[in-house]
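Chain letters run A, B, ... following the sequence lines, proteins first and then strands; every chain starts at 1.
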Protein chains: 2
Amino acid sequence: MNDKPDRKQEILQAAIACFNELGIEATSIDAIRTRSGASVGSIYHHFGNKEGIVAYLFLNGLDDYWQRLLAALQQAADAEAGVRAMVSCYVEWVLASQDLARFIFQARTLVSRSAQGEQLLQKNKENLRAALGYFKPWLERGELRQLPPELYWALIVGPAQEYCRAWLSGRVKADPRSLIVPLADAAWRAVGG
Amino acid sequence: MNDKPDRKQEILQAAIACFNELGIEATSIDAIRTRSGASVGSIYHHFGNKEGIVAYLFLNGLDDYWQRLLAALQQAADAEAGVRAMVSCYVEWVLASQDLARFIFQARTLVSRSAQGEQLLQKNKENLRAALGYFKPWLERGELRQLPPELYWALIVGPAQEYCRAWLSGRVKADPRSLIVPLADAAWRAVGG
DNA sequence: TAATATTCTAGAATAAAATTCTAGTGCAAG
DNA sequence: CTTGCACTAGAATTTTATTCTAGAATATTA
């Protein structure tokens, strides 16, 4: 049994818990220190500063999501399956990683201004391009409606995102899982050919 | 000519400029003090603390938006007009108040945890109820598709919101004004009967 | 209008938080 | 061994938020 604590991981877990309970801005390094049992020096050694912790959690969290999404898209046989996969994949990810998702909604702006902001922009662009790559054949086959290209993402995932955001913050109650089908139906009506 | 400076207003303007340029967390009271020309004491007199400034800007900004939205809904003759009004009203508001909108996207969580969080929740509930009030007759007349009630908002405004958010942060370029029609079309396909 | 209260402004003083610095500890490669 | 390096600890410093005290401006009222 390996009981050597992994400090970096402990710090990350303490941080995300604090961020969600208190909010990012209101979380002090000292709160993270206390909760994780690490020392100040240790925290700064691993992450540089508070922003560094936020950026690390954010970028790795997003990676996890995009990995799932792209895998799902790859399996989709046609446009409708692809669109439905994007919606359900999004909702399932939020459900499976609630704390992370809640955190990510709050951290976006912070990260985009941080030292890692450029990296985020880069990843974002790559991921989106990869996703749109799957769309091209569907578009050519006329399975998808012709729309301004920058709109597809917002039309397909926007409603699920908006709903999940509200759900994670407690503003609405209905379990997102029960809404996957209506959300996917609506997304398909919005962009389907 | 009345050249007496309104300190409160000067502080608010300096604050929103700083928040947008530096981010809320990275904006120090001192930055606001310098930019507004007010003193620390004055700032704390008017707003209590930094959170107070954020909450004030946020709540008043939202009020402005909801006022427009409810006015637009009131004029809508049928469901389709109502849905289209919700979309265009949203986009027009973002375009007309870019700095405020950008700020509001970032401040939501902060405000909901602040002393004014309860007030926000309250207003939110009222506004949503008022908006859904307009929907009732349309639903009864079958002009709107039957859907889980908590979904209408996300389906209609979600995509516009997601797009505007990306546009305000520079991730996408196409002028939102040119997308009002496709966004409204899609919203109507999503919820129209 | 003078007296009095209230709101507002200023900036120094204090408290709280972030970050840096110095000094280790323990482990792995040679 | 012993040298180098990643890691940890916590004190010291710097930066930032907030509080406090006092005085100026403005409104209120007798």
* To do: Can you tell me the distance, in whole Å, between the CZ atom of R7(B) and the C1' atom of dA24(D)?
  => 13 Å
* Nearest heavy-atom neighbours spanning E51(A) and A115(A) -> OE1-N, 4.1 Å
* To do: Specify the separation, in whole Å, of atom CD1 of I32(A) and atom C1' of dT8(D).
  => 17 Å
* Ion pair check, R84(B) and D185(B), cut-off under 4.0 Å -> yes
* Structure fact -> Whole-Å distance, I24(A) CD1 to dA17(C) C1', equals 17 Å
* To the nearest Å, how far apart are I29(A) CD1 and dG10(D) P? -> 16 Å
* Does the pair E92(B)/R177(B) count as a salt bridge with the N-to-O cut at 4.0 Å? -> yes
* Asked: So, does R33(B) use its side chain to make a donor-acceptor pair with the main chain of V40(B) at under 3.5 Å?
  -> no
* Pair R165(A) + E162(B), salt bridge at N-O below 4.0 Å -> no
* **Interface residues of residues 35-53 of chain A with DNA chain C (non-hydrogen, below 4.0 angstrom)** => V40(A), Y44(A), N49(A), K50(A)
* Asked: dT19(C) P sits how many Å from R33(A) CZ, rounded?
  -> 15 Å
* To do: For Q9(B) and dC8(C), give me the distance from atom CD to atom C1', rounded to whole Å.
  => 15 Å
* So, are K123(A) and E126(A) salt-bridged, with charged N and O less than 4.0 Å apart? -> no
* Rounded to whole angstroms, how far apart are CG on D6(A) and P on dA6(D)? -> 16 Å
* Asked: Quick one: D30(A) CG to dT16(D) P, roughly how many Å, whole number?
  -> 19 Å
